[in-house]
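Scroll down for the structure; my scribbles are underneath it.
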Amino acid sequence: MKNTELSAKYNPAEVEDKWYAYWLKNRFFHSEPDEREPYSIVIPPPNVTGVLHMGHMLNNTIQDVLVRRARMTGKNACWVPGTDHASIATEAKVVAKLKAEGIDKTSLTRDEFLKHAWEWKEKHGGIILEQLKKLGASCDWERTKFTMDEPLSRAVIRTFVHFYKKGLIYRGVRMVNWDPQSLTAVSDEEVIRKETPSKLYYLRYFISENGQATSDYIVIATTRPETIMADAAVCINPEDPRYQHLRGKKILIPLINREIPVIEDDYVTMDFGTGCLKVTPAHDINDYEIGIRHRLPVLDIIDEHGCLNDKAQILVGEDRFVARKKIVKMLDEAGHLEKEEQYSSQVGYSERTNAVIEPRLSLQWFLKMDQLAQGALARVESDEIRLIPDKFKNTYRHWMENVRDWCISRQLWWGQQIPAWYLPDGRFVVEEDAQAALVAARELDPAIQLEDLRQDEDVLDTWFSSWLWPISVFDAEKAGDPNRAPNAELAYYFPTNDLITAPDILFFWVARMIMAADEFCGEIPFRNVYLTGTVRDKLGRKMSKSLGNSPDPIQLMEQYGADGVRLGMLLCSAAGNDILFDESQVEQGRNFCNKIWNAYRLVQGWAVTEQEQPESSRLAVDWFRNKLHRTIETVNDHFDKFRISDALMTMYKLFWDDFCAWYLEIIKPEYGKPIDQQTFEATIGFFDALLKLLHPIMPFITEELWQNLSDRAAGETIMLAQQPKMEAYDAQLIDRFDLGTSVIAALRNVRQSKGLSPKEALKLVIKGEFPQEMIAVVARMANLSDCVITDEFDDQAAAGASFMVGTIEFRVPLTGLVDEAEEIAKIEAEIVRLEGFLKGVRAKLSNEKFVNHAPEQVVNMERKKESDAMTKIASLKDQLCKFSKA
RNA sequence: GGGAGCAUAGCUCAGUUGGUUUAGAGCAUCUGCCUUACAAGCAGAGGGUCGGGGGUUCGACUCCCUCUGCUCCCACCA
C-alpha cells in the first residue's frame with residue numbers, strides 16, 4: 001500500500017481519464033474468441049449524429065455493469081459498439097445544415113448530396129461514442145461498426161434480394177403515411193398520434209337532377225373540407241331510414257359542382273355526424289378501402305408538399321391548412337356551410353419532423369410480415385427469449401398478432417438504395433448489383449444494355465438495416481444468406497446474451513431482430529431483453545430539449561464523477577420502471593464514492609505491528625467474513641434476476657453500514673496507534689473483495705483504490721480480477737452479532753436521552769441468555785467500564801435505565817439520572833402495547849379453526865410469540881413493582 | 001374504442017408462490033455532535049394500516065369483484 005497524502009475528498013477528475021486510458025492501452029476491453037464461455041452484448045446503436053442524453057446514460061450504464069460483471073466471472077465478455085445511420089433523422093439534419101448555408105437539397109444530385117452527408121457523418125459521427133468513454137463504457141472499440149459500413153450495407157441489400165426472391169417483398173400502390181416535410185413515406189410505427197383540437201364542418205351538398213342542383217340537400221360532416229374536390233361519392237348506411245330517398249341519386253360537390261353518386265356501405269356509422277360520409281379515396285385510408293369496394297375513381301388533389309394541385313381546380317398551390325381556412329370561408333359565402341363544431345381527434349404526426357402526416361397513395365415496397373411475426377412470437381412465447389420485466393410479453397404478443405406489412409421504402413437518399421433496376425418498359429429486376437441486374441434483365445429482353453437500366457431511387461427504412469445488427473456486427477456475410485455457414489466470430493458470440501433497450505423500440509427493433517435471426521441463423525439473437533424505463537425529471541415529465549429539463553450528462557459527470565452518476569442512475573431503476581431522475585441521487589452517488597475513498601484513507605494510514613489481536617477485532621473479522629459471504633449470495637441472486645438496483649443497494653449497505661459503521665469502528669486502533677498484523681491483513685482482504693464487488697457499478701474509483709491497496713504489477717487491473725466467490729457462512733454467528741449491535745444501539749439511545757457523553761464509561765447489567773463473546777464488542781463500542789451477566793438485578797441495577805432486546809433484559813445503573821416517573825410511563829406504555837399484541841395472538845390461538853387449519857410451524861410461531869410477550873410483560877411488571885417499592 | 005400496468009411512510013421503491021413478534025429500505029425530516037477516515041460525515045429519533053368499498057380464507061399488502069385516480073401501448077369513426 002502506498003502511503004501517500006490523500007485529500008479528504010475523492011476527486012474523480014484526477015483518476016477517470018487516467019484509468020480509462022490505461023484500460024484502452026492494455027486492450028482490456030478487447031475480446032477474441034477462445035475456449036472460455038462467451039458473454040456478448042451488442043449496443044443499441046445510437047444515431048450517428050446524436051449526442052448523449054440521459055436515456056443513453058441509463059442504458060449504457062446497465063450494459064457496462066453486466067459486461068464488467070461477466071468479465072469478472074470468468075466469461076469472455078464482448079460488448080460491440082457502433083452507430084446507426086438513422087436515415088430520416090440524419091438526412092433531415094443534413095438538409096437543414098445545407099439550407100442554413102443557402103443550399104437547397106433539390107439543387108444537388110444524389111451523389112453531391114451524399115458527399116455532404118458523409119462529411120457530416122465524419123465530423124459528428126464519433127461524438128456520442130467519445131461521450132460513452134467518459135461514462136466508463138467498456139466497449140470493444142476495435143469492433144466499432146456503423147450500419148452503413150460497406151459489408152453491413154451489402155448485407156442489407158442481400159437481405160432485400162433474399163426476401164424478394166422468397167416472395168415476401170412486393171411493390172404496390174398503397175395508402176402510406178406521407179411526411180410532407182421530409183417528403184417520404186414513413187412506417188405506421190413512425191407515426192405518433194396526438195389528440196388534436198379541430199373542427200367538424202357540416203356542409204350542404206345539393207342533390208342533382210340531370211346535372212342541375214335542386215333545392216334539396218344533404219348535410220355531411222367533415223374535418224377536412226379542403227378535400228371535397230377529391231370526393232368520389234357520398235356514402236350512407238343502407239340501413240339508415242333517413243336517407244332511403246337518396247338511393248341511386250347524384251349529388252353535386254359544392255363550389256366545383258362535379259356530380260358524384262350516392263353509394264351505400266355499412267362502414268358508415270349512422271349516429272356519427274349526420275350519417276352521411278363524403279368518400280375521398282385519395283386522401284383517407286378508410287375512404288380508399290370503400291373506394292376499392294365500390295370501384296370509385298381516385299382523384300389525388302394534394303401534392304407531395306401537402307399543397308393542392310391543379311386537379312383541385314380551386315385554391316391550387318395552397319397549403320392544405322391554408323386551403324382549409326379559405327375554403328370554409330368560400331363555402332360559407334356560397335351558402336354551403338350549415339354549422340361548425342369544436343371537435344377533437346387523433347391526428348398522426350411524423351415522429352421525426354412532427355409534420356402532420358398526410359395519407360397518400362404511392363408506389364412503395366413492402367415486406368410481408370405475418371409469417372415472420374409468427375416465428376418471432378413463438379420465440380418469446382416459449383421463453384427462449386425472456387423479456388424483463390415479463391409484463392412486456394403481453395404488449396409484444398398483441399403487436400405480433402396484429403402486425404401489418406412493413407413499408408420498407410423511403411423517399412430519401414441517405415441509406416441503402418433499393419436494389420431494383422427498371423427496364424425502359426417498366427418491368428424490373430431485383431439483384432445485388434447492377435451487373436447481376438443486367439444479366440437478369442437480359443433474360444427479359446436480350447437487347448438491354450447497362451445504361452438502359454435505372455435503379456430505384458428510394459432507400460430502405462433504417463430498421464431494415466438495424467434488424468441485422470446482432471448478426472452483421474460479427475459476420476456481415478451471413479446476414480441475408482441463410483445457407484452460408486457462420487464465421488468463427490458469429491459461431492462463438494451468437495446468440496448474444498442480453499439486449500438492453502427501451503420499450504418504445506420493442507417492435508421497431510427487438511421484434512424484427514428476432515425475425516431476422518430466425519430467418520438467417522435459425523436462432524434467437526439474444527436470450528434476455530432488459531427493457532429500461534424512460535428517464536423523466538422528478539415531476540415525471542419526459543426529458544426533452546424543449547422543456548430544458550434534461551441535464552447535460554457530460555457536465556453532470558464533470559460535477560459528480562462518472563461513478564457517482566452511474567450510481568445515481570442505477571439507484572432507482574428497476575427494469576421497466578420509468579426513472580424519475582433527480583440530481584440528489586447523483587449526489588448520493590458522489591457521497592458514496594467519498595465514503596469509499598475515506599474508508600481507504602483510514603486503512604492506508606495504519607502502521608502494522610506484531611501484537612496480540614484484540615478479542616473484539618477477532619470477533620469482528622469473524623463476523624464480517626460471514627456477513628460478506630451472505631451478502632455475496634444475495635447480490636448474485638439479484639444479478640441473476642436482473643435486479644440491478646437491489647444488488648446495488650445491498651452492496652451499498654454492506655460497505656457503508658457493515659464495513660464502515662461496524663467493522664472499521666470496532667477494529668480501528670486508537671489515534672496514532674498501530675494495528676495488529678492479523679486484523680490488518682483480514683481488513684485488506686475485505687477491502688479487496690468489496691472493491692471487486694463494486695467494480696462493475698463504479699469502475700473508476702475501484703480501480704484507483706485497488707491499484708493502491710497493494711503492490712500491483714504493470715498491466716494488472718481489477719477489471720479482470722475475479723469476483724469474490726460465495727463461501728459457506730454461519731448464519732447464527734451473524735445473528736449473535738446482530739444481537740450485540742442492537743445492544744450497542746440501545747446503549748447509545750440511553751446516552752442520548754440522558755445527555756451522557758460518549759466519553760463517560762457506563763456499567764451494563766444483563767439478565768438472560770446473552771452471547772458471552774459479544775461482550776468484548778459491546779464494551780468497546782459502547783464504552784463500558786463493566787459488564788456483568790446476572791440472574792437477578794440488585795437494587796442499584798433495578799433502578800437504572802432499562803431496555804430489552806428480544807427477551808433479554810438490560811440495566812444501566814445511573815445514580816440520580818433516571819427520572820422515575822418518566823421511566824414508569826415508558827414501561828406502562830410498553831405493557832399496553834404488548835398486551836394489545838398478546839390479545840391478538842391469543843385470539844388466533846383460541847380459534848380452533850386456526851389451530852386446525854394452519855400449518856404446525858405457523859401455530860408454533862404464534863405460541864412462541866405468546867410466550868415471549870408474556871415473558872416481557874412479566875419482567876416489565878416486575879420492574880414496575882421495584883419502582884413502586886423504591 | 002380496445003388492451004396492459006400501477007396505486008405501500010414527505011419522495012423513490014422492496015415486499016419472491018397468503019402465515020417468522022402486530023409492514024421494510026434508501027433519500028428527505030427532526031434532535032445531539034466540527035469525536036484527528038469521512039459535516040459529501042457521526043450518533044439517535046419520529047413517520048405508513050398498505051387508494052376507497054365488498055368478498056374468499058382460520059389468516060390478505062399479498063387472491064377475487066367493484067369504484068376512483070394515474071401511466072403506457074394499440075386503434076381507420078368521417
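A note on names: the letters A, B, ... follow the listed sequences, proteins ahead of strands, and every chain is numbered from 1. No hydrogens, no waters, no symmetry mates; every other heavy atom, side chains included, goes into these values.
As the counterpart of B:rC72, B:rG3 is assigned, both hydrogen-bonding distances of the Watson-Crick or G-U wobble pattern falling under 3.5 Å. Across all strands shown, B:rU17 forms no Watson-Crick or G-U wobble pair with both key distances under 3.5 Å. Look at B:rA45: its Watson-Crick or wobble partner, with both distances under 3.5 angstrom, is B:rU29. Across the strands present, B:rC61 finds no partner; the criterion is a Watson-Crick or G-U wobble pair with both atom distances under 3.5 angstrom.
The residues A:K653 and A:D658 are annotated as not salt-bridged, no charged nitrogen and carboxylate oxygen being separated by less than 4.0 angstrom. One finds no salt bridge joining A:R863 and A:E866 here, because no Lys/Arg side-chain nitrogen approaches an Asp/Glu carboxylate oxygen to under 4.0 Å. With respect to A:K844 and A:E862, a salt bridge is recorded, a charged nitrogen being found less than 4.0 Å from a carboxylate O. A salt bridge is defined here as a Lys NZ or Arg NE, NH1 or NH2 lying under 4.0 Å from an Asp or Glu carboxylate O, and A:D390 with A:R386 fails to meet this definition. Between A:R833 and A:E835 there is no salt bridge, since no side-chain N of the basic residue sits under 4.0 Å from a carboxylate O of the acidic one. In summary, A:R224 and A:E226 engage in a salt bridge, as defined by a charged side-chain N under 4.0 Å from a carboxylate O.
Distance A:W399 CH2 to B:rG3 C1': 16 Å, rounded to the nearest Å. In this structure, A:H853 places its NE2 atom 11 Å from P of B:rU57, rounding to the nearest Å. In this structure, A:I579 atom CD1 and B:rC6 atom P are separated by 20 Å, rounded to whole Å. Going from atom CZ of A:F581 over to atom P of B:rU12 covers 15 Å, rounded to whole Å. As rounded to whole Å, 16 Å separates atom C1' of B:rA45 from atom CZ of A:F803. Taking atom CG on A:N394 and atom P on B:rU71, their separation rounds to 21 Å, with Å as the unit. Protein atom CH2 of A:W662 is 13 Å distant from nucleotide atom P of B:rC42, rounded to whole Å. Nucleotide B:rA78 holds its C1' atom 13 Å from the CD atom of A:E341, rounded to whole Å.
Closest to the side chain of A:L277, from the set B:rA78, B:rA37, B:rA40, is B:rA78. Across B:rA40, B:rU31, B:rG26, the shortest atom-to-atom separation from the side chain of A:Y652 is found for B:rG26. Of the candidates B:rA75, B:rC58, B:rC38, B:rA75 carries the atom nearest the A:Q346 side chain, counting heavy atoms from C-beta on. Closest to the side chain of A:Y267, out of B:rA37, B:rU22, B:rC76, is B:rC76. Side-chain proximity of A:W656 to the nucleotides B:rA4, B:rU31, B:rG41 is greatest for B:rG41.
Taking atom C1' in both B:rG15 and B:rA25, one finds a spacing of 10 Å when rounded to whole Å. Between B:rG5 and B:rA43, the two P atoms lie 43 Å apart (nearest whole Å). Using P as the reference atom, B:rG1 and B:rC67 are 14 Å apart when rounded to the nearest Å. Only the P atoms considered, B:rG18 is 29 Å distant from B:rU12, to the nearest whole Å.
Residue A:E665 places a side-chain atom within donor-acceptor reach of the base of B:rA37, judged by atom type and a 3.5 Å distance cut-off alone. The base of B:rU20 lies outside donor-acceptor range of the side chain of A:Q857, with no N or O pair under 3.5 Å. Between the side chain of A:R748 and the base of B:rA43, no donor-acceptor pair of N or O atoms lies under 3.5 Å.
Nucleic acid contact class of A:D578 (heavy atoms, under 4.0 Å, all strands): sugar-phosphate only. Counting non-hydrogen atoms under 4.0 angstrom, A:N847 reaches the backbone sugars and phosphates but no base. A:C660 comes within contact range of at least one nucleobase, with a heavy-atom separation under 4.0 Å. Nucleic acid contact class of A:T395 (heavy atoms, under 4.0 Å, all strands): sugar-phosphate only. Among the protein residues, A:V268 comes within range of the nucleic acid bases, having at least one heavy atom under 4.0 Å from a base atom. Backbone-only engagement by A:A745 is indicated by non-hydrogen atom pairs under 4.0 Å involving sugar-phosphate atoms exclusively. Within 4.0 Å (heavy atoms only), A:K668 reaches at least one base atom of the nucleic acid. Residue contacts for A:T534: at a heavy-atom cut-off of 4.0 Å it reaches no nucleic acid atom on any strand shown. Counting non-hydrogen atoms under 4.0 angstrom, A:L580 reaches the backbone sugars and phosphates but no base. A:Y343 comes within 4.0 angstrom of sugar-phosphate atoms only, judged by non-hydrogen atoms across all strands, and of no base. Counting any heavy atom pair closer than 4.0 Å across all strands shown, A:R404 reaches sugar-phosphate atoms only and no base atom.
Sequence order on RNA chain B of the closest nucleotides to A:T269 and A:Q752 puts A:Q752 first from the 5' end. For A:F592 and A:D637, each mapped to the nucleotide of RNA chain B holding its nearest heavy atom, the one lying further toward the 5' end belongs to A:D637.
At the phosphate of B:rG15, OP1 or OP2 sits under 4.0 Å from a side-chain N or O atom of A:R643.
Using bins of under 30°, 30° to 60° and over 60° for the plane-to-plane angle, the ring pair A:F592/A:W656 lands in the parallel bin. Taking the six-membered ring for Trp and thresholds of 30 and 60 degrees, A:W606 and A:F680 have ring planes more than 60 degrees apart, a perpendicular arrangement.
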